[in-house]
Amino acid sequence: MRLLLVEDDKLLSGLLLKELEQHGFAVDLAEDGLDAEFMGDEIQYDLIILDLGLPIKSGLDVLGSWRHRKNKTPVLILTARDAWHERVEGFRAGADDYLGKPFHVEELIVRVQALIRRSHDMPGNELTCGDLTLDEEQQQVILSDGTTTGLTGTEFRLLRYFMLNPDKVLSKTRLTEHVYEQDFDRDSNVIEVYIRRLREAIGKEHIVTKRGQGYLFPGAG
């Protein structure tokens, strides 16, 4: 899943980038409101983490602009813990969740995972699709017979995106955009290598090739 992190505190953003990437997210960073607004409109993110106190343009104004242009990307806002009015204004502007500073990174990760599942109409505390269950904390998949199979970072990111988008034909370009960071070579054939490895791990029947279109993950398993 590809996230946009909007945070001007370099120390905090560095920490969050490292933690989010370790949990299987591809993350782009914006450090001011102007860049954030542009990137949020131009790139299809799965979720945006938005600090409200930003240079050039405030987070609330950025969020308001996104929602005014019908940008429905889920947004989790970061705000000072005692600034209750910012939380209220954030929800009124269209935020989906908030987290007060300072916070534990573990809570941020859990909230991000829950928001993404909810945005894909998959409520609950685990990701299950067909006869597969994905353990997001351990980055492993539980097969129908109960067998647990470990995944590499890329295999995990790829399978999670498939499971969140069952029964949809996903092009190689779309998969690459949501699995890798902004500067990744979009024309690379490396995605095909990982799809082959993923098929070996979970069974070929779970990923169907649609010639000339992309790949499909049958929701029924």
Side-chain angles (χ1 to χ4, degrees), residues 1-7 13 16-30 36 39-51 59 62-63 66-67 70-79 90-91 93-99 103-130 132-142 151-168 170-171 174-182 184 191 194 198 202 206-207 215-217 219:
M1 311 305 288
R2 191 170 177 196
L3 312 182
L4 174 61
L5 172 62
V6 187
E7 174 61 66
S13 65
L16 295 181
L17 280 171
K18 180 180 178 181
E19 291 290 336
L20 288 166
E21 288 169 356
Q22 287 181 348
H23 281 80
F25 296 102
V27 187
D28 296 336
L29 175 66
M39 294 170 70
D41 279 333
E42 293 297 314
I43 302 172
Q44 186 180 8
Y45 289 104
D46 296 289
L47 183 138
I48 298 172
I49 301 171
L50 176 68
D51 183 33
V62 171
L63 177 57
W66 284 335
R67 296 310 190 223
K70 309 302 181 185
N71 184 333
K72 298 180 180 180
T73 304
V75 173
L76 185 156
I77 58 174
L78 303 178
T79 182
F91 281 122
D96 297 275
D97 198 1
Y98 83 92
L99 191 57
F103 55 83
H104 292 288
V105 176
E106 291 83 357
E107 182 179 0
L108 174 67
I109 299 296
V110 169
R111 286 178 179 269
V112 166
Q113 292 170 337
L115 266 180
I116 289 176
R117 288 195 299 267
R118 191 189 313 160
S119 69
H120 288 268
D121 296 320
M122 293 185 179
N125 57 6
E126 64 180 22
L127 181 52
T128 299
C129 187
L132 300 179
T133 298
L134 191 64
D135 184 336
E136 294 184 88
E137 292 306 311
Q138 299 299 319
Q139 296 191 15
Q140 57 190 13
V141 60
I142 304 170
L151 303 169
T152 67
T154 302
E155 290 168 353
F156 168 72
R157 294 193 296 269
L158 189 57
L159 180 56
R160 178 167 56 185
Y161 195 72
F162 272 127
M163 292 178 69
L164 285 167
N165 294 277
D167 301 315
K168 297 178 182 178
L170 304 174
S171 68
R174 179 171 174 180
L175 289 170
T176 303
E177 287 176 343
H178 287 267
V179 170
Y180 294 102
E181 286 81 3
Q182 187 178 32
F184 187 81
I191 201 79
Y194 284 104
L198 198 51
I202 66 175
H206 286 291
I207 303 176
Y215 304 93
L216 181 143
F217 186 91

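The structure presented is a predicted model; accordingly, all values stated were derived computationally and were not measured.
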Residue from Val62, Leu78, Ile48 passing side-chain contact (heavy atoms from CB on, under 4.5 Å) with Val6:
Ile48

Excluding sequence neighbours, so at least two apart, what forms side chain to side chain contact (heavy atoms under 4.5 Å, CB included) with Gln139?
Phe156

Might you confirm whether atom OH of Tyr161 has over 12 heavy atoms from other residues, nucleotides or ligands at distances under 6.0 Å?
yes

Side chain to side chain contact (heavy atoms under 4.5 Å, CB included) for Leu198 and Ile207? Distances and angles first, verdict last.
CA-CA 9 Å; Leu198 198 51; Ile207 303 176; 3.8 Å; yes

Separation between CE of Met163 and CG of Leu132, rounded to the nearest 0.5 Å:
5.5 Å

In this structure, CE of Met1 is separated from CG of Leu164 (nearest 0.5 Å) by 4.5 Å

State, with a plain yes or no, whether a side-chain heavy atom of Glu107 is found less than 4.5 Å away from one of Val110.
no

Measure the shortest side-chain to side-chain distance between Leu20 and Ile49 over non-hydrogen atoms and say whether it is less than 4.5 angstrom.
yes

To the nearest 0.5 angstrom, please state how far the CZ atom of Phe91 sits from the CG atom of Leu63.
11.0 Å

Hey, could you give me the OG1/CG distance between Thr73 and Leu47, rounded to the nearest 0.5 Å?
8.5 Å

Cationic N near anionic O, under 4.0 Å, Arg2 to Glu177
no

Cation-pi geometry met for Arg157 and Tyr194 (6.0 Å, 45°)
no

Euclidean distance, Asp46 CG relative to Ile116 CD1, rounded to 0.5 Å:
5.5 Å

Might you point out which heavy atoms bring Met39 and Ala30 nearest each other, and give the distance in Å?
SD-CB, 3.9 Å

Gap separating the CG atom of Leu4 from the CG atom of Leu50, nearest 0.5 angstrom
8.0 Å

For Lys168, side-chain hydrogen bond (donor to acceptor under 3.5 Å, both in side chains) partners two or more places apart:
Asn165

Find out whether Leu16 and Val27 are in side-chain contact, i.e. whether some heavy atom of one side chain is under 4.5 Å from a heavy atom of the other.
no

On a heavy-atom basis, the closest approach of Phe217 and His206 is CD1-O, 3.1 Å

Which residues pass the salt bridge (Lys or Arg N to Asp or Glu O under 4.0 Å) test with Arg67, sequence neighbours left out?
Asp96

Quick check on side-chain contact (heavy atoms from CB on, under 4.5 Å): which of Leu151, Thr154, Leu127 does Leu159 satisfy it with?
Leu151

Listed partners of Glu137 passing side chain to side chain contact (heavy atoms under 4.5 Å, CB included), at least two apart
His23, Gln113, Asp135

Partners of Asp97 by side-chain hydrogen bond (donor to acceptor under 3.5 Å, both in side chains), sequence neighbours excluded?
Arg111

Sorted by chain and residue number, the side-chain hydrogen bond (donor to acceptor under 3.5 Å, both in side chains) partners of Thr152 (sequence neighbours excluded) come out as Glu155

Could you walk me through whether Leu5 and Phe25 pass side chain to side chain contact (heavy atoms under 4.5 Å, CB included), step by step?
CA-CA 11 Å; Leu5 172 62; Phe25 296 102; over 6 Å; no

Side chain to side chain, His178 and Gln44, heavy atoms closer than 4.5 Å
yes

Smallest separation among heavy atoms of Ser119 and Pro74, with atom names:
CB-CG, 3.7 Å

